[in-house]
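Working notes for the structure below.
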Number of protein chains: 2
Amino acid sequence: MKTTDEVIDFVLYGGQRHLPHLTIDCAILGYHDQQLKILLVKLHGSDGWGLPGGFIRKDERFGDAANRILAERTGITDLFLQQFYTFGDSPYRHREQRAEDLQQLVGDWITIREDNWLLGRQISIGYYALVDYERVIVQTDLIVEDYGWWDIAALPELLYDHNDMVDKALETIRLQLYHQPIGASLLPDQFTLPEIHVLYETLLGKTLDRRNFPRKLFALGLLNKLDEQRSIGPHRSPNLYEFNRTNYQKALEEGIVLVM
Amino acid sequence: MKTTDEVIDFVLYGGQRHLPHLTIDCAILGYHDQQLKILLVKLHGSDGWGLPGGFIRKDERFGDAANRILAERTGITDLFLQQFYTFGDSPYRHREQRAEDLQQLVGDWITIREDNWLLGRQISIGYYALVDYERVIVQTDLIVEDYGWWDIAALPELLYDHNDMVDKALETIRLQLYHQPIGASLLPDQFTLPEIHVLYETLLGKTLDRRNFPRKLFALGLLNKLDEQRSIGPHRSPNLYEFNRTNYQKALEEGIVLVM
DNA sequence: CCAAAAGTGTTGGAATTACACCCATGG
DNA sequence: CCATGGGTGTAATTCCAACACTTTTGG
């Protein structure tokens with residue numbers, strides 16, 4: 001939202017266009033510098049960091065809403081996106097804690113009434129997205145004051161129950177990794193074996209044998225070796241690979257069994 | 001709900017006590033006659049079958065609500081219960097299709113207004129429950145006209161998008177079966193090897209070797225052999241087993257890796 | 001020429017599959 | 001005694017984990 005009028009309109013009348021009390025929050029994961037990162041935002045009128053999120057329009061499908069929210073924040077579309085859990089139990093999700101935040105957001109322009117559609121218990125459907133870190137360009141506006149990528153291993157205390165949401169997202173991703181290949185969304189089109197190797201180690205939180213690891217991906221036909229190397233300074237140049245789109249898609253749909 | 005007054009009060013004023021537009025629907029699975037069964041209900045004023053469900057009270061945790069709904073329907077508490085997905089996209093989940101149902105439910109007593117809290121897009125959080133078929137005693141009332149156990153392999157066309165919900169529940173259970181033992185909730189306290197064997201085959205939809213299958217459960221220490229047999233007519237009496245509660249609980253919490 | 005990282009094959013052991021015969025029971 | 005289903009062990013194979021040396025590169 002770009003203008004104050006837009007914000008005020010949203011706060012006062014957004015309830016006519018959106019499902020009340022129901023939001024989508026996104027755990028947007030990227031990968032950079034051999035670290036798994038998550039995109040956090042800081043809202044105006046709030047002094048903590050949280051997951052980017054938004055409301056669902058009355059006739060909008062959840063997946064479309066999640067994609068829209070993602071596109072609004074990151075500028076990229078068409079990414080790996082998946083619902084993982086719905087949250088609504090935390091005591092933070094109730095009226096009192098948020099009336100003040102809301103008043104701060106709109107400042108002195110208007111007074112938030114008791115029955116404002118944004119107050120009351122908030123339910124949030126969690127989606128996680130895996131994105132290519134390089135392609136993300138975050139927009140700030142009158143709602144989002146600041147944003148940043150945070151190392152997932154060193155998160156601060158987040159707003160509401162967003163730490164729980166991140167934990168649950170990671171747990172889901174780890175389980176999923178054994179049944180679906182999901183590396184393609186986090187990596188650029190071309191990557192080296194050490195890169196994808198460290199990615200999997202980071203996601204699973206354990207070390208994987210350097211020689212055995214790629215064998216399993218090759219056995220599933222997921223990788224194509226390219227006739228190109230990446231130059232990485234005074235060391236041997238690692239070969240570049242890409243995902244085999246056909247087999248990758250098939251694996252996504254039919255599932256795989258990876259033991260690592 | 002037992003009285004007409006209660007029903008009318010709920011339809012007119014339930015919105016003051018419940019989260020609007022948000023329901024919990026439960027896929028309640030049981031196991032009987034070597035078939036996986038699901039508990040379906042038929043509501044007054046509706047001529048199709050669907051999953052049992054209910055609304056969430058304003059200050060009620062989701063899990064508590066799901067447990068309450070389950071207890072109201074099946075009479076049992078303390079069962080394996082887990083959220084699996086949130087649904088809200090189906091075109092069936094909109095106003096037009098349901099205003100008539102609602103009017104039929106309350107009959108001529110009152111007229112449903114356009115802005116009734118029960119109308120509008122309905123979101124449903126799906127929970128699945130695994131129950132011991134024998135212990136379930138279903139209650140009918142003024143809302144639930146009829147109920148029944150249906151073989152999961154031969155479901156009729158259900159209300160709204162409930163077929164999708166069942167599919168998603170089963171998919172989740174199958175995945176979970178590889179990482180957590182969930183047989184205990186579906187079986188009576190004591191059971192035979194052939195019983196749990198067929199259960200797993202039914203859940204996974206594939207045949208499992210009769211000799212290798214129990215070996216894997218024994219290897220995990222999940223089963224205790226009892227000094228008792230079940231008499232099954234003119235055949236050799238199969239031995240009875242029970243789950244080893246300690247190891248079962250540990251496996252639930254820490255996860256296992258089953259390859260079958 | 002050196003330091004640092006990439007690449008690559010083999011082997012021993014563990015795990016998994018496949019498979020068939022005997023036993024117990026009640027009618 | 002017979003029909004039916006339950007119980008059990010082993011051998012062959014496959015799969016997996018462990019491991020170290022050589023190559024490439026830029027400075």
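Reminder, nothing fancy here: chain letters follow the sequence lines and each chain counts from 1.
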What I want to check is whether an N or O donor and acceptor connect the side chain of [X] with the base of [N] at under 3.5 Å.
| X | N | result |
| --- | --- | --- |
| A:N212 | D:dA18 | yes |
| A:R210 | D:dA18 | no |
| A:H235 | D:dT25 | no |
| A:R211 | D:dA20 | yes |

For atom [atom1] of [X] and atom [atom2] of [N], their distance in whole Å:
| X | N | atom1 | atom2 | answer |
| --- | --- | --- | --- | --- |
| B:F213 | C:dT16 | CZ | P | 14 Å |
| B:L258 | C:dT17 | CG | P | 11 Å |
| A:N239 | D:dT25 | CG | P | 11 Å |
| B:L223 | D:dG7 | CG | P | 12 Å |
| A:I232 | D:dG27 | CD1 | P | 12 Å |
| A:L208 | D:dA18 | CG | P | 12 Å |
| B:L217 | D:dG7 | CG | P | 14 Å |
| B:Q229 | C:dT25 | CD | P | 7 Å |

Under 4.0 Å, heavy atoms only, any strand: does A:R215 hit a base, just the sugar-phosphate, or nothing?
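Base contact.
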So what does B:T192 touch, heavy atoms closer than 4.0 Å: a base, only the sugar-phosphate, or nothing?
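B:T192: no heavy atom of the nucleic acid under 4.0 Å.
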Main-chain N/O of B:A184 paired to B:Y248 side chain as donor or acceptor, under 3.5 Å:
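At least one qualifying donor-acceptor pair exists.
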Take B:V259 and B:R236, find for each the nucleotide of DNA chain C with the closest heavy atom, and name the residue whose nucleotide sits nearer the 5' end.
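Mapping each residue to its closest nucleotide by heavy atoms, the 5'-most match is B:V259.
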What is the distance from atom CG of A:L29 to atom CG of A:L203, rounded to the nearest 0.5 Å?
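Nearest 0.5 Å value for the CG-CG distance: 8.0 Å.
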Report the distance from atom CG of A:D132 to atom CG of A:L187, rounding to the nearest 0.5 Å.
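If I round to the nearest 0.5 Å, the distance is 8.0 Å.
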Assess the side chains of A:Q176 and A:Y128: does a donor N or O sit below 3.5 Å from an acceptor N or O?
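Judged by distance alone, the side chains do pair up.
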Respond yes when some side-chain nitrogen or oxygen of [X] is under 4.0 Å from OP1 or OP2 of [N], and no when none is.
| X | N | value |
| --- | --- | --- |
| B:K225 | D:dG7 | no |
| B:S237 | D:dG6 | no |
| B:K216 | C:dT17 | yes |

Are any non-hydrogen side-chain atoms of A:I143 and A:L43 less than 4.5 angstrom apart?
yes
Comparing B:L193 with A:P234, nearest DNA chain D nucleotide closer to 5' gives the residue B:L193
